[in-house]
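These notes concern the structure reproduced below.
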Amino acid sequence: MTDNILLQTSPLRNLAPQFDKVREEDFKPATLAAIEEARANIDAIIANPDDPTFENTIVAFETSMELLSSVTTLFYNQLTAAGTDGLQALAEEIGPIHANFSSDIILNDTLFARIKSVYDARASLTLSTEQKTLLEDTYKSFVRGGALLGDIKKAELRKINEAMSTLSPIFSNNVKKSSEAFELWIENEADLAGLPPSAVEGAKQEAIDKGQPAKWLFTLDYPSYGPFITYSSIRPLRYAIWKANSNKAFGDAYDNSETLLKIVNLRHQRAQILGYKTHADYVLERRMAQTPDTVMAFLTKLRDLYKVGALKDLEAIKKFASEDGIDDLKPWDVGYYSEKLREKMYAFSAEDFRPYFPLDKVLDGTFAHFSKLFGLKFTAANDLPVWHTDVTAYDVTDIQTGKFIGTLYADFYPRTGKKPGAWMTSYREQGLFHGKVECPVVAIVCNFTKPTKDKPSLLNHDEVLTLFHEMGHATHGLLAKGTYPSQTGTNVLWDFVELPSQLQENWLYESETLNSFAANYETGEKIPAELIQKLRNAKNFMSGWMGLRQMGMSILDMQWHTVDPSMISDIVAFEDEAMKGAALFPRYGGPLSVSFSHIFAGGYSAGYYSYKWAEVLDADAFEAFLEAGLYDKATAQRYRQEVLEKGGSEPPAVLYRNFRGRDADPNALLRREGLVGAAE
Ligand SMILES: [Zn+2]
């Protein structure tokens with residue numbers, strides 16, 4: 001029996017992680033031991049004297065890395081949730097160990113021969129749909145990893161994978177460190193002009209935490225940066241914070257230029273070795289969209305549509321700003337004047353909603369919403385250990401059957417070392433674990449405005465959207481059915497994964513949903529009906545502008561991954577060329593690419609388009625609810641059964657058709673954004 005807690009089976013309910021007992025120094029020995037165990041499991045598959053079968057080879061392989069996967073998910077989740085220098089250093093150390101192990105597996109000829117033998121016999125096997133997909137996916141993952149290559153190419157590929165594994169953590173760490181290096185200290189109260197009280201209080205708290213109670217501190221963390229760039233009426237200060245934000249990881253000690261070029265070159269080399277023209281071709285083979293041409297056609301069509309709207313948006317803002325004496329509108333003015341214009345046109349501010357959205361009420365309302373749709377019950381599980389005092393654990397049960405379906409953790413507030421942004425993650429997927437089908441363990445992690453001494457955490461409407469979004473992912477994980485963890489929950493093709501999350505955001509523009517939980521934290525009053533109407537009217541405000549920006553970033557991602565990058569040395573010039581059809585200003589700041597963590601440190605390379613792709617799906621899926629009723633039981637049930645429960649066990653196009661009775665109608669998105677009329 002080992003005394004390393006990470007290597008022990010948890011005695012807790014649903015085998016929940018023992019966060020209270022995990023020590024940083026346990027991760028490395030646990031990883032090494034778990035890799036040894038996985039190697040032994042794989043050796044046993046190879047040494048099996050029986051002929052290869054689906055059970056003794058494919059299922060045995062699927063379950064061979066259970067321990068390693070628990071240790072790894074825990075480690076990477078701790079890294080993003082705590083981000084200590086120790087964990088960061090470990091990430092750089094553990095990355096290559098993992099990469100090497102993966103290469104050993106994927107390039108193991110004897111193992112692949114057994115898998116291939118089952119795959120080649122697939123026509124004669126009696127397999128369920130889920131099993132067929134597992135067989136196909138297992139075989140493909142080996143082929144895509146180089147299993148069909150000769151020895152020299154295999155060795156090259158191994159080197160590339162190892163090198164790549166260290167670069168992503170370096171890239172994201174540079175972005176984080178570069179952001180943290182910037183501090184905007186305000187000493188003079190007059191320099192807070194325009195800022196909403198919540199932003200001022202937050203900045204005061206930051207300053208107090210840093211031992212400077214007489215000042216205010218703003219940072220590049222979104223809850224600090226976002227309100228500042230939107231509301232500060234001091235133009236030079238807006239410029240200062242905008243400039244720091246747009247020069248993140250560029251021209252400073254944390255410059256990502258070299259790392260970025262290494263990443264794109266290695267990706268390209270890998271694609272070429274595997275027989276693909278570019279990294280995008282390699283990636284998109286395993287996407288709903290399938291080819292770079294399909295994606296580029298999708299993006300350029302939308303870019304041109306959005307550009308028409310964006311130019312109108314820009315004209316309107318310029319005209320409005322000129323009334324304020326600004327005749328040379330700059331990028332750091334756009335957020336400010338567009339917010340002022342929105343306030344004028346719709347007579348409300350995003351901040352007006354904060355009093356109605358105290359986090360505890362919002363959370364109750366969120367759970368009630370998911371309960372109404374899918375019949376779920378969320379019960380705080382205060383007996384389960386968590387990774388930080390801000391975190392709460394929940395037991396999730398199905399109300400109708402009374403069955404326990406999974407464990408959910410929620411981690412809501414920013415803190416030093418925690419990665420900015422919001423995400424959902426899994427500690428364990430639904431499916432086989434130690435020979436039994438176990439329920440999932442998932443988490444949602446956000447960076448919401450913190451409560452202060454006198455005020456609870458009050459969210460703005462965007463933050464409530466974020467919560468519904470992440471809970472959409474979480475329910476995808478929690479409602480999963482199925483036996484094989486690699487096929488359940490959010491393990492779907494990337495351009496399908498944002499459907500369940502984005503779909504949920506639609507309800508937050510509906511009075512029925514908002515009225516079910518939003519109430520003024522002091523008076524208990526509901527949101528006035530006119531304010532909800534204004535929110536709905538304002539929803540498409542700047543939709544051209546924002547759509548164009550998103551298309552620009554998506555095209556930039558595709559450009560990085562559809563060219564031979566060996567000739568690129570000037571990142572700025574490359575980016576300008578890639579984004580020229582989507583840029584409405586000349587360049588003032590550093591390149592976006594060097595802090596574009598989604599594509600250089602996350603899983604979104606040649607995949608940023610998938611947000612918009614999924615929007616087409618979610619707009620069309622929501623129309624099903626608009627047609628049948630917002631909480632129509634049959635529609636919700638069909639969606640739950642055909643999409644959420646199925647995970648990646650069937651191609652997404654098939655799942656979608658089973659839910660909707662047809663393919664998604666792209667005009668549903670354009671209708672929602674007001675870019676085409678309802679009749680078109
Ligand atoms: Zn998402």
Side-chain angles (χ1 to χ4, degrees), residues 73 76-77 80-81 172 222-223 226 283 286-289 295 362-363 366 369-370 373-374 406 408-412 414 418-427 429 440 442-448 459-480 488-509 546-547 549-551 553-554 557 596-622 639-640 643-644 646-648 652 655-656 664 669 672:
T73 49
Y76 284 101
N77 283 325
T80 48
S172 52
Y222 197 77
V283 168
R286 296 288 293 148
R287 296 290 189 267
M288 201 174 168
V295 174
V362 171
L363 193 59
T366 307
H369 163 82
F370 282 91
L373 278 179
F374 306 127
L408 168 74
Y409 297 90
D411 177 0
F412 288 137
K418 181 173 162 182
K419 207 178 95 175
W423 61 94
M424 170 266 180
T425 181
S426 292
Y427 284 92
E429 314 282 353
V442 307
I444 55 172
V445 185
C446 306
N447 281 280
F448 291 147
L459 308 189
N460 65 22
H461 188 257
D462 283 343
E463 291 177 316
V464 184
L465 287 173
T466 299
L467 179 57
F468 266 50
H469 179 107
E470 301 311 335
M471 277 297 292
H473 284 309
T475 41
H476 198 187
L478 289 164
L479 287 169
T488 63
T490 57
N491 289 318
V492 298
L493 299 188
W494 268 100
D495 44 3
F496 195 63
V497 79
E498 295 299 326
L499 165 65
S501 50
Q502 292 180 180
L503 174 64
Q504 292 302 327
E505 298 179 23
N506 289 283
W507 273 271
L508 289 171
Y509 293 92
M546 287 181 298
R549 180 177 158 74
Q550 203 185 349
M551 292 305 89
M553 289 167 74
S554 305
D557 166 32
F596 202 171
S597 298
H598 267 79
I599 67 167
F600 294 114
Y604 277 86
S605 62
Y608 203 71
Y609 78 91
S610 54
Y611 284 103
K612 199 44 95 179
W613 187 270
E615 272 180 55
V616 166
L617 297 173
D618 94 70
D620 185 68
F622 190 62
Y639 171 68
R640 171 178 172 170
V643 177
L644 299 179
K646 293 272 173 69
L655 299 185
Y656 194 82
L669 172 64
R672 188 174 69 186

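Each ligand, and each atom within it, is numbered from 1 in the order the structure gives. For reference, positions follow the sequence shown, starting with 1.
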Quiz item: Between the side chains of Tyr609 and Asp495, is a donor N or O closer than 3.5 angstrom to an acceptor N or O?
Solution: yes
Quiz item: Can a donor-acceptor pair be found between the side chains of Asp620 and Tyr656 at a distance below 3.5 Å?
Solution: yes
Exercise. Answer with yes or no after comparing the ring centroid distance for Trp507 and Phe622 against a 6.0 Å cut-off, counting only values under it.
Key: yes
Exercise. May I ask you to check whether Phe468 and His473 place their ring centers less than 6.0 Å from one another?
Key: no
Exercise. Working to the nearest 0.5 Å, report the span between CG of Leu669 and CD of Gln502.
Key: 9.5 Å
Self-check item: Nearby protein N/O/S atoms (those under 2.8 Å) for the Zn ion (ligand 1), with water ignored
Solution: His469 NE2, His473 NE2, Glu498 OE1, Glu498 OE2
Exercise. Taking only Lys NZ, Arg NE, NH1 and NH2, and the carboxylate oxygens of Asp or Glu, determine whether Asp618 and Arg672 approach each other closer than 4.0 Å.
Key: yes
